[in-house]
Amino acid sequence: MKAVVALLLLLCCCPGAAAASVERKSADEAAMVAAYLFNFGRFVHWPDSAFASADAPLQFCLYGETQLDDHLDSLRGKRIRRRTVAVQRLQRGDATTHCHLLFISASERLYLSPLLRAQRGLPVLTVSEIEDFASDGGVIGLLSDNRRLAFEINTGSAADARLSVSSQLLKLAKRVLENREGER
Amino acid sequence: MRYRRLQRAAPVITALLGLGPLLAAPVAAQQTMDTGALTELSFEELMEVEVTSASKRKQALDDVAAALFVISRDDLRRSGANSIPEALRMVPGIQVSQLDANKWAVSARGFAGRFANKLLVLIDGRTVYSPAFSGVYWEQQNVVLDDVERIEVIRGPGATLWGANAVNGVVNIITRDSQKTLGGLALAGAGTENRATATLRYGARLGSGDVADTSARAYLKYERHDDLVTRAGHSADDAWDMAQGGFRLDSDLRSGDQLTLQGDVYRSDLQQQLSLADLAPPDYARRIADTIDARGWNLLGRWQRPLTAASDMSLQLYYDHTRRDEGYIGQQHDTFDLEYQHRSQFAARHQFVWGLGYRNIVTRVDLTPTVTADRDRFNLDFWNAFAQDEIQLWDERLRLTLGIKLEHNDFSGLEYQPTARALWKFNGHSSLWGAVSRAARAPSIMERHSSLYAKTLPPGATAVPLPLPVALVAQGSERFDSEYLVAYEAGWRNRHFERLALDATVYYHDYDELRGSSVQALQIAPDGSHIILPMTFDNSASGHSRGLEINADWLVRDGWRLIGAYSHIDLQIQDNGGLINSGGQTMERNAPENQLSLRSQHNLAEHFSLDFWLRYVDDSASASVAQRTPEKIDAYWDLDLRLAWRVRPGLELELVAQNLLDNARREGDLEALGGASVEVQRAVYASVRLGF
C-alpha cells in the first residue's frame with residue numbers, strides 16, 4: 001500500500017507540472033462559433049435586394065440542434081454596418097428563405113443536400129461545421145485546426161448566392177474553393 | 001474485514017483528493033472568454049483563441065427523456081479500460097463483475113449474472129444478445145476501442161426503439177465513420193494480465209468524385225490474456241486469446257444518401273475450468289479443464305437516404321454467424337436481420353419515427369449429458385413494428401414522446417411495449433423528465449426446450465434422507481412465457497453551473513411473471529442408479545426494485561475533470577423458493593446495493609495526463625448453484641491509475657495500473673458448471689500508440 005501512495009506522489013509531483021505556461025486565451029467552442037458568425041456577417045456583403053428595407057435587420061438563423069442558443073443572445077441587437085442583428089432558432093423542416101446567415105448544425109448532416117438545394121439562388125450565407133460543407137456546395141465550412149477554429153470558403157457558392165466576400169476574409173480562410181454548382 | 005479494507009484505502013483517497021487542487025494550480029494561466037468578449041476581438045485575434053469543448057459532451061444528454069449516459073472517446077481512453085465491460089463500470093446503474101479471466105457479468109439495475117438476460121447490447125446496430133441463453137458473451141464482443149465513437153448506455157426500458165430484451169437497459173456501441181479514421185494506427189501493449197495486445201488499423205479515402213465521397217478502414221487485432229487465480233491461490237487456468245479482423249466502408253453520395261458496409265471475423269480460444277455434475281462418488285461432479293473454441297463473422301449494410309429536408313429513411317441488413325464449442329454444449333447461431341426506419345417532421349411540432357423489422361435465427365446445438373434439448377435445430381422468426389411521436393407541446397420547453405413497439409416471437413407470441421415520456425426544460429439550465437414504460441423479456445431456447453443437469457445431491461444430503469444420489473435438473477418448459485416490467489422513472493438534469501453537470505434518476509420497477517421454478521415429482525432413473533429431481537422453469541416469481549442513480553461531471557478547471565457516479569438499488573423478489581440456490585433470495589442479493597465511482601482526468605502539462613479511477617462496490621451474494629446457501633462476495637474499494645505521455649503528435653505512451661488496492665479479489669461466481677471461484681488480480685500494463 002505504501003508503495004502505491006509513494007508511486008502516486010511521484011507521479012503527481014514529477015512530470016513538469018510546475019512549468020508555468022504563458023497566458024493563453026481560450027473559449028468554449030459554442031462561444032467561438034457565435035463570434036465567428038458575427039465576424040462573417042461583418043466581412044460578407046449582401047445585395048440590397050436581400051432586405052425588405054434600408055433598415056431591415058440582418059437575420060441570423062440557427063437550423064437544427066445546436067447549443068449556440070445561449071451564446072447567440074449576446075449577438076442579438078449588435079450592429080453590423082447600419083443593420084441590427086436578429087437571431088432566430090429554426091427546427092428541421094422550418095422555412096429558411098428569410099435568413100441572411102444560415103448556420104446549419106451538425107445534426108442536419110443527413111439532410112444537407114435537400115437543404116442546400118432549397119437555398120439555391122437565394123442570397124443566403126450558409127455556414128456549417130459539417131465536414132466538407134464548402135466543397136459540397138455550402139459557402140463557409142468551419143474546421144478545427146490544432147485546437148483553433150478555422151474555416152474554408154467556397155467562392156463559387158458565394159457567387160451563386162450573390163454575396164460578395166471581402167478579400168480580408170479570403171486571406172484568413174484556411175482554404176478557398178471555387179467550384180460552382182454543377183462544376184464538380 | 002470490510003473495515004480493514006476501508007482503512008487501507010483511506011490514505012490513498014486522501015492523497016488523491018488532497019493533491020488534486022495542488023496539482024491543478026500551476027497549469028492555470030488560461031483565460032476563458034465569453035461571446036461578448038470574443039466579438040470585441042479582431043478576426044485575426046479571434047483565430048488565435050483556443051477552443052475548449054467543455055460543454056460539448058452535455059449536448060447529447062440534455063434533451064433525452066431517459067436515463068442516458070454516454071461514454072465518450074475521451075472517457076474510454078482515459079479509463080484505461082481494455083474491454084467494454086471494464087469501461088461500463090463507470091456508468092451509474094450498471095453492475096459489472098469479472099467472473100474469470102474471460103467471463104463477465106454485466107447488468108443494468110440488478111439481475112446480475114453471467115447470463116444477465118435483461119440488457120440488450122448492440123454494436124453498430126447489430127444485436128449481440130444470444131438468443132439461446134438470453135445473455136451476452138462479452139468475451140466474444142470485441143471492437144478496436146480506438147475506433148469507438150461513443151457508447152450510449154440507457155438504463156431502464158428501451159424497448160420501444162430498440163426492441164425486446166431491452167428491459168433493464170441498452171448498451172449501444174457505436175464505431176466511428178471511416179472518414180474519421182483515415183491514416184494508420186499501430187497499437188502494441190504488454191502487461192501482467194493483459195499479456196499482449198496488438199492492433200493495426202489503416203483507413204483511406206477511396207475516392208472523392210462527382211458522385212460520392214468514399215472512405216474505408218480495415219483492422220487486425222490480437223490479444224492474449226493471462227490466467228487469474230483461484231481463492232486458494234492456484235492458477236485458475238482461464239487464459240485466453242483472440243484474433244479479430246474487420247473493415248468498414250462509408251460512402252456519402254452527392255444526393256445525400258449514405259451507405260455503410262462493415263464486417264468482422266474473429267476466432268478465440270478460451271480456457272475454463274468446469275465442474276459438471278455426475279453420479280460418481282465422492283464428488284458427484286467431474287472437474288475438467290476445458291477450452292472454448294469461439295468463432296464467427298458478421299456483415300452489415302446500411303443505407304440512409306434523405307427524402308426531403310425534414311424526413312429520411314434508413315434500411316439496415318445484417319448477417320451474423322457465431323459458433324461456440326465448449327465442454328457442455330456446442331452452439332451455432334445464424335442470424336439474418338432486416339430493419340427499416342422512417343423519420344419525418346410534420347406540422348412543425350411532431351417528429352415521427354416508425355419502422356419495421358424482421359429477424360430469423362437458425363440455431364444448432366450439440367448436446368451433451370449436461371445440456372440436453374428436445375431437438376438440436378431451431379428456426380426462429382421475429383417480427384416487429386414500432387412508431388414513436390415526439391411532440392413539442394410548448395416551444396421547446398415541454399416535450400412529450402409517445403411510442404409503441406409490437407413484436408412477435410415464436411415462443412411467447414405478440415408482445416406490446418408502449419412508452420410515454422415527458423421532458424420539461426425550465427429556467428434555461430435544468431430539465432426534469434419522467435417516463436412510464438412496459439417491456440418484455442422473451443423466453444430463450446434454453447428456457448423453453450432444453451434442460452441442464454446442474455448438480456447432484458449425494459445420498460443422504462437431502463432433508464428427507466434418500467438412499468440414492470439425487471440429480472437436480474433444471475428443465476425448460478413450453479409453458480414458460482415472457483417476463484414483464486412496468487417501469488416508472490424520473491430524472492433531473494442541472495446545467496446551471498458552467499462547469500458542473502448534474503444528473504439524477506430515480507426509478508421504481510415493477511416486475512411480473514419473472515422466471516422461477518417449481519419442483520416436479522421425483523423420478524427414479526430407468527436403471528435405478530439415481531433419483532431425478534426435475535425443476536421446471538415457470539413464471540412464478542415477481543418483484544420490484546427501487547433505485548437512485550447520480551452522476552456529477554465537474555470541470556474543476558481547464559485540464560482537470562472529476563466525474564463521480566453513485567448508484568443504489570433495492571430489489572425485492574417474491575418466489576416460491578426452490579431447492580437450489582437460484583431463487584429470489586439470490587437474485588435480490590447478487591446486485592450490490594451501493595456502488596460508487598470517482599474518476600479524475602487531469603492534464604498535468606501540455607503532453608502528460610494522469611488519471612485515476614476509484615471505485616466502491618458493495619457486498620453481494622454469489623450466484624453459484626454449487627453452494628447450498630449463497631456465499632457472500634465481499635464489498636471492495638479499488639483504484640486504477642493511468643499515466644499517458646504524448647511524445648509528439650501521433651505517438652503516445654501509456655502506463656496503466658489496475659486494481660491497486662487488492663492483490664486479488666472475488667467479484668462474483670458463475671451461476672452453474674463453474675470450477676473454483678476466481679479472483680481478479682492487480683495488473684499493470686504499458687502500451688504504445690502510433691498514428692501514421
Next item on the list: Please look at B:Gln392 and chain A and tell me whether the side chain, the backbone, both or neither of the residue comes under 4.5 angstrom of a heavy atom of that chain.
Entry: side chain
Notebook entry, point to check: Checking heavy atoms, do the side chain of B:Arg349, its backbone, both or neither come under 4.5 Å from chain A?
Noted result: neither
Next item on the list: Apply ring pair (Phe, Tyr, Trp, His ring centres under 6.0 Å) to B:Phe43 and list each qualifying residue two or more places apart in sequence or on a separate chain.
Entry: A:Tyr36, A:Phe40, A:Phe43, A:Phe151
Next item on the list: Could you tell me whether the side chain of B:Asp74 reaches within less than 4.5 Å of the side chain of B:Gln601, counting heavy atoms only?
Entry: yes
Note to self: Please classify the contact between B:Thr308 and chain A as side chain, backbone, both or neither, with a heavy-atom cut-off of under 4.5 Å.
What the structure shows: backbone
Next item on the list: Return yes if a side-chain donor-acceptor contact under 3.5 Å exists between B:Asp250 and B:Thr260, otherwise no.
Entry: yes
Margin query: If you count heavy-atom pairs within less than 4.5 Å of chain A, which of B:Gln258, B:Glu45, B:Glu40, B:Gln351 leads?
Written below: B:Gln258
Check: Checking heavy atoms, do the side chain of B:Asp257, its backbone, both or neither come under 4.5 Å from chain A?
Finding: neither
Next item on the list: Side chain from CB out, backbone as N, CA, C, O: work out which of these in B:Ser311 comes under 4.5 Å of a heavy atom of chain A, or both, or neither.
Entry: backbone
Next item on the list: May I ask you to test the A:Leu170-A:Ile153 pair for a side-chain heavy-atom distance under 4.5 Å?
Entry: yes
Notebook entry, point to check: Which distance, rounded to the nearest 0.5 Å, do you find between the OG of B:Ser42 and the CZ of A:Arg42?
Noted result: 8.0 Å
Check: Which bit of A:Leu169 is near chain B, if near means a heavy-atom gap under 4.5 Å: side chain, backbone, both or neither?
Finding: side chain
Margin query: Can you confirm whether or not the ring centre of B:Phe352 sits under 6.0 Å from the ring centre of B:His342?
Written below: no
Margin query: If I measure from the heavy atoms of chain A, does B:Asn663 come under 4.5 Å with its side chain, its backbone, both, or neither?
Written below: neither
Item checked: Portion of A:Leu112 that has a non-hydrogen atom of chain B nearer than 4.5 angstrom -> neither
Next item on the list: Between chain A and each of B:Gln304, B:Arg305, B:Lys180, count heavy-atom pairs under 4.5 Å; write down the option with the most.
Entry: B:Gln304
Checklist line | Donor + acceptor pair across side chains of B:Trp560, B:Ser600 (<3.5 Å) | finding: yes
